[in-house]
Amino acid sequence: MTEQSRQKYTRTHGCNQLSSHNAGEQVVLAGWVNSLRNLGGVVFLDLRDRDGLTQVVVNPEELADAAEDVRQLREESVIQVKGTVRERPENMRNPDMKTGDIEVVASWLKIENLAAPMPFHLEDEEVGEDLRLQYRYLEMRRSGLIDKLRLRHRTSQIVRDYFDTSGFVEVETPILSKSTPEGARDYLVPSRVHEGKFYALPQAPQQYKQLLMASGVEKYFQIARCFRDEDLRADRQPEFTQVDMEMSFVERDDILTEVEGMIQRVMREMLGKEVPLPFPRMDYRDAMARFGTDKPDLRFGLELVEVTEHLRDTSFRVFQKVIDSGGCIKALPLPGSVQLSERRIEDWTRIAGEYGAKGLIWLKFEDEQTIKGPLAKFLTEPEIQAVRAETNAEKGDYVLLVADRREIAESALGRLRMEAAEAGELIPSDRYNFAWIVNFPLLEYDEEQGNYSPMHHPFTSPVKEDLHLLDENPLQTRANAFDIVMNGVELGGGSIRIHDPALQEKMFNVLGMGEEESRKRFGHLLKALGYGTPPHGGIALGLDRFVMLLAGAASIRDVIAFPKTARASCLLTGAPSDAEEAQWRELHIAPRRQQKEKG
RNA sequence: GGGGGCGUAGCUCAACACGGUCAGAGCGCCGGCCUGUCACGCCGGAGGUUGCGGGUUCAAAUCCCGUCGCUCCCGCCA
C-alpha cells in the first residue's frame with residue numbers, strides 16, 4: 001500500500017461547527033448531500049450530518065477531476081470533502097443558516113455512496129404514513145424523529161438514574177415466559193424441544209416482579225419490553241415499553257410518592273417544567289361522574305353534571321322512559337364559543353352512538369328563561385331554571401344531554417367533552433396536568449364469560465375496609481389500585497398486591513377458578529406467597545406514551561424507531577412473513593390452511 | 001368482530017355528487033443550457049393496470065358488490 005492511498009481523511013469537524021473563526025483552516029467533512037445547486041460551472045451543495053449543515057463549493061478550476069463526478073450527484077448521496085474554510089463575501093452570507101457566514105471550498109471530494117432518487121420528499125410531512133414506514137430510515141434523516149429518539153433516550157437515562165439513586169435494582173426478566181390465559185391475548189412461541197408446547201411473550205413482568213419481592217430484592221425496577229396481541233390504536237403497539245417497578249413493605253402512598261418524584265424530575269430535566277406535588281387524587285367514581293372517563297384530561301374544565309332529578313317529571317317521553325328504567329340524564333354544558341352546527345350535532349350523535357347512546361339532545365340558552373332546541377316545547381319553566389342552575393349556563397351557552405344507562409351516558413359525554421374542547425380550542429398547549437385515579441372497582445362482570453373478571457389483574461389487593469364485601473357484594477369491592485393520568489392519557493397503573501396465599505386463592509375462587517386450575521396456572525406464585533413474601537406493590541408506566549406526551553407527538557409510533565401498523569405489520573421488513581416448511585415442521589406446528597389441505 | 005376516513009404519475013393533489021374531450025398540475029426524474037447559488041434559474045422530454053377482482057352500461061377514475069392496504073374510533077387491551 002502506498003503512502004498516498006493509506007492517507008486517511010477522517011472528519012475534522014461536524015457540519016454545525018465551523019464559523020468565520022475557522023477561516024483559512026483545512027478541514028474534512030463527511031455527510032449527506034442535503035441539497036444541490038449546479039450553476040453549470042460552480043456547484044454548491046449543502047452537506048448535512050447529524051448536527052447541522054455546511055455549504056460546500058465545488059469550483060471547476062480548483063477541482064477539475066471531481067467536478068465531473070459532482071454533476072452526477074443526487075440528494076442524499078454520502079460524500080467526504082476536504083477543503084478550506086472561507087469567509088463568504090458580505091452579500092452572499094445566509095443568515096438562516098448557522099454556518100451561513102462561511103463555506104468550504106472543496107479541494108478533494110469522494111462519493112462514498114451515490115444515492116438513488118428518493119421515493120418521496122424527505123421533509124414533506126404530508127407524505128402517507130405507510131410510505132414513510134416502508135422507508136423509515138429515510139424518514140428519520142430529516143423529520144425530527146431522531147430528536148424524539150434522543151428525548152426518549154434521555155428520559156430513560158433519568159428514570160434509571162432516579163431509581164438507582166433511590167436504591168432500586170434493575171433486574172431483567174424472561175422474554176420467553178409462560179402463557180396465562182387471563183388478560184390480553186398472548187404472543188405464543190412454539191417450543192422445538194417440547195413438542196406441542198409454547199412459551200408466551202410477557203404481557204408485563206408482573207409475576208416475575210412479585211417473585212422478586214419474594215426473593216428479597218425489596219426494590220425492583222426495569223425498563224421492560226411487553227407484548228400484547230390485541231387490536232391497536234394511536235397509543236397502542238403490539239410491543240411496547242414499560243417502566244416497571246415494585247417495592248416491598250410499602251403502602252399505596254409510598255408508591256405514589258416514589259413515582260411522583262420520578263415524574264417531577266423528568267418534567268424538570270426534559271421540559272424545564274416544575275410540576276407541583278403531590279398530584280391530585282381522584283376517586284374512580286368521581287372521575288366517571290365528572291369527566292365520563294377514568295383518564296380525565298384536567299387541562300380544561302367542561303365538567304359533566306347530572307340533571308336526572310330535575311327532569312324526573314318531564315313530559316319528554318324519551319327521558320321519562322330512561323328514568324323509569326333506572327337510567328340517568330347527564331349534561332355537558334358548553335360555552336357558546338363552541339359552535340354547534342347541524343353537521344357537528346350529526347357527527348357527535350354518531351360518536352355518542354359508538355358508546356351505545358341511543359341519542360344526543362342539545363339545547364341552547366337564548367337567555368335565562370328561554371331555550372332553543374328540540375326540548376323547547378317539552379321543558380317547563382322550573383325545569384329550565386333547574387337545568388340552568390345545575391349547569392351554570394349563561395346566555396348563549398349550550399347543553400348536551402344524554403339519557404341512558406349511567407355508564408353509557410357518562411362515557412359518551414366524556415368523549416364529547418374531548419371533542420368539544422378540541423373544536424372550541426379550549427385545550428391549553430404547553431400545560432401538563434397529572435392526577436392519580438384511585439379506588440377502582442376490584443372486579444367487573446364479564447357478560448360473555450358469565451363470571452367476574454379483575455379490572456386490573458388477579459393479584460390486586462382489595463382495600464382493607466372492603467374485604468368483607470368480597471363475599472357479600474363482589475362488584476362493590478374497591479381495589480387498592482391506582483392509575484396515573486397525564487393530560488388525559490393513561491400513563492400507567494399499579495396496585496398493592498395480595499401477599500397472603502389464602503386471600504390470593506380466595507381471589508382466584510371469586511374469579512371462577514377452581515383450586516386445581518389456579519394451581520396449574522399460578523401454582524408457582526401461590527407457592528412463593530406461602531414461603532414468606534412481604535407486603536408489596538408497584539406500578540408500570542408506559543414509556544412510549546410518556547415520551548409521546550413529552551415530545552408533543554400524536555401517536556406513540558412517533559417515538560418508536562421502527563413501529564408497526566394498525567394491523568401489527570412492519571412495512572419496512574415485511575414482518576410477519578411466511579416461514580419455511582422445514583421450520584414449522586421442526587416446531588411441530590403447521591398453518592391451519594395446510595392442515596386442512598392435507599386432512 | 002363492528003363503524004368512519006383515505007387509496008389517481010416516484011411524491012402531494014385535481015378531475016368523481018350529475019358516467020362521455022387525449023386522466024391534468026406542482027414537485028421529483030431524464031436530456032440540454034447556465035461560474036455566486038442557498039426552494040438557483042431557463043428550454044425540452046419521459047412517466048398512469050386510476051390499489052386489486054367482479055358487475056351495471058354503447059361508454060366507468062366516476063355508479064354497484066367484493067377484496068386488500070393505510071388510518072381514526074367502538075369492542076378488546078388482567
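Each chain gets a letter, A, B and so on, in the order its sequence line appears, and its residues count up from 1. On a predicted model such as this, the values are computed, not experimentally measured, just so you know.
- The residues A/Asp347 and A/Arg344 are annotated as not salt-bridged, no charged nitrogen and carboxylate oxygen being separated by less than 4.0 angstrom.
- Whole-Å rounding puts the A/Ile556 CD1 to B/rC77 P distance at 17 Å.
- A salt bridge links A/Lys564 and A/Glu239; the closest N-O separation between the charged side-chain nitrogens and carboxylate oxygens is under 4.0 Å.
- If you take CZ of A/Arg48 and P of B/rC38, they are 20 Å apart, rounded to a whole angstrom.
- Among the protein residues, A/Thr460 comes within range of no part of the nucleic acid, since none of its heavy atoms lies under 4.0 Å from any strand.
- When both pairing distances are held under 3.5 Å, B/rU8 makes no Watson-Crick or G-U pair with any nucleotide shown.
- Here the closest heavy-atom approach between residue A/Gly41 and residue A/Pro60 is recorded as O-CD, 3.6 Å.
- As judged by a 4.0 angstrom heavy-atom cut-off over every strand, A/Thr565 is placed among residues touching the sugar-phosphate backbone only.
- In plain terms, the two heavy atoms of A/Leu138 and A/Leu122 that are nearest each other are O-CG, 3.6 Å.
- Across the strands present, B/rU21 finds no partner; the criterion is a Watson-Crick or G-U wobble pair with both atom distances under 3.5 angstrom.
- At the heavy-atom level, A/Tyr355 lies under 4.0 Å from the strands shown only through sugar-phosphate atoms.
- In this structure, A/Arg37 reaches the B/rC40 phosphate: one of its side-chain N or O atoms is under 4.0 Å from OP1 or OP2.
- Side-chain contact annotation: A/His524 with A/Gln207, donor-acceptor N/O pair under 3.5 Å present.
- Annotation: of the two residues near RNA chain B, A/Arg567 and A/Leu36, the 5′-most nearest-nucleotide partner is A/Leu36.
- A donor-acceptor contact under 3.5 Å links the side chain of A/Arg86 to the base of B/rG36.
- The minimum heavy-atom distance between A/Val559 and A/Ala551, with the atom names listed, is CG1-CB, 4.2 Å.
- Between A/Arg557 and B/rC72 there is a side-chain polar atom (N or O) within less than 4.0 angstrom of OP1 or OP2.
- Shown for residues 223-236 of chain A: residues whose heavy atoms fall under 4.0 angstrom of RNA chain B, namely A/Arg228, A/Glu230, A/Asp231, A/Arg233, A/Ala234, A/Arg236.
- Using Watson-Crick or G-U wobble geometry with both donor-acceptor distances under 3.5 Å, B/rU67 finds its partner in B/rG51.
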Using nucleotides 23-29 of chain B, report all nitrogen or oxygen pairs with the protein that are shorter than 3.5 Å.
from, atom 1, to, atom 2, distance (Å)
B/rC27, O2, A/His121, NE2, 3.3

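- Residue contacts for A/Pro454: at a heavy-atom cut-off of 4.0 Å it reaches the sugar-phosphate backbone alone, with no base atom in range.
- With respect to the salt-bridge test (charged N to carboxylate O, under 4.0 angstrom), the residues A/Lys520 and A/Glu516 do not qualify.
- Of the two residues contacting RNA chain B, namely A/Asp124 and A/Leu39, the nearest-nucleotide position lying further toward the 5' end is that of A/Asp124.
- At the heavy-atom level, A/Asn38 lies under 4.0 Å from base atoms of the strands shown.
- Using a 4.0 Å cut-off between charged nitrogen and carboxylate oxygen, A/Arg88 and A/Asp101 do not count as a salt-bridge pair.
- At B/rC38, none of the side-chain N or O atoms of A/Ser35 fall inside 4.0 Å of OP1 or OP2 (strictly under the cut-off).
- Residue A/Ser411 places none of its side-chain N or O atoms closer than 4.0 Å to OP1 or OP2 of B/rC74.
- For A/Ala566, whose side chain is taken as the heavy atoms from C-beta onward, the closest listed nucleotide among B/rU71, B/rG36, B/rC11 is B/rU71.
- For A/Tyr284, the ring pair (Phe, Tyr, Trp, His ring centres under 6.0 Å) test picks out A/Phe440, with sequence neighbours left out.
- For the P atoms, the distance linking B/rC65 with B/rA17 amounts to 15 Å, nearest Å.
- Using modelled atom types, one finds no donor on one side chain facing an acceptor on the other under 3.5 Å when comparing A/Ser453 with A/Tyr445.
- Comparing the P positions of B/rU57 and B/rG75 gives an interatomic distance of 44 Å, to the nearest angstrom.
- Between the C1' atoms of B/rG10 and B/rC58, the separation comes to 37 Å (whole Å).
- Nucleic acid contact for A/Glu103: base, since at least one base atom lies under 4.0 Å from a heavy atom of the residue.
- At a threshold of 4.0 angstrom between heavy atoms, the contacts of A/Gln55 include nucleobase atoms, whether or not backbone atoms are also involved.
- Between B/rG53 and B/rU62, the distance separating the two P atoms is 13 Å to the nearest Å.
- One donor-acceptor pair, N or O on each side, does fall under 3.5 Å between the base of B/rU37 and the side chain of A/Arg88.
- When both distances must be under 3.5 Å, the Watson-Crick or G-U wobble mate of B/rG41 is B/rC33.
- One finds a salt bridge joining A/Arg136 and A/Glu139 here, because a Lys/Arg side-chain nitrogen approaches an Asp/Glu carboxylate oxygen to under 4.0 Å.
- Judged by ring centres under 5.5 Å apart and planes tilted less than 30 degrees, A/Phe120 fails to stack against the six-membered base ring of B/rC11.
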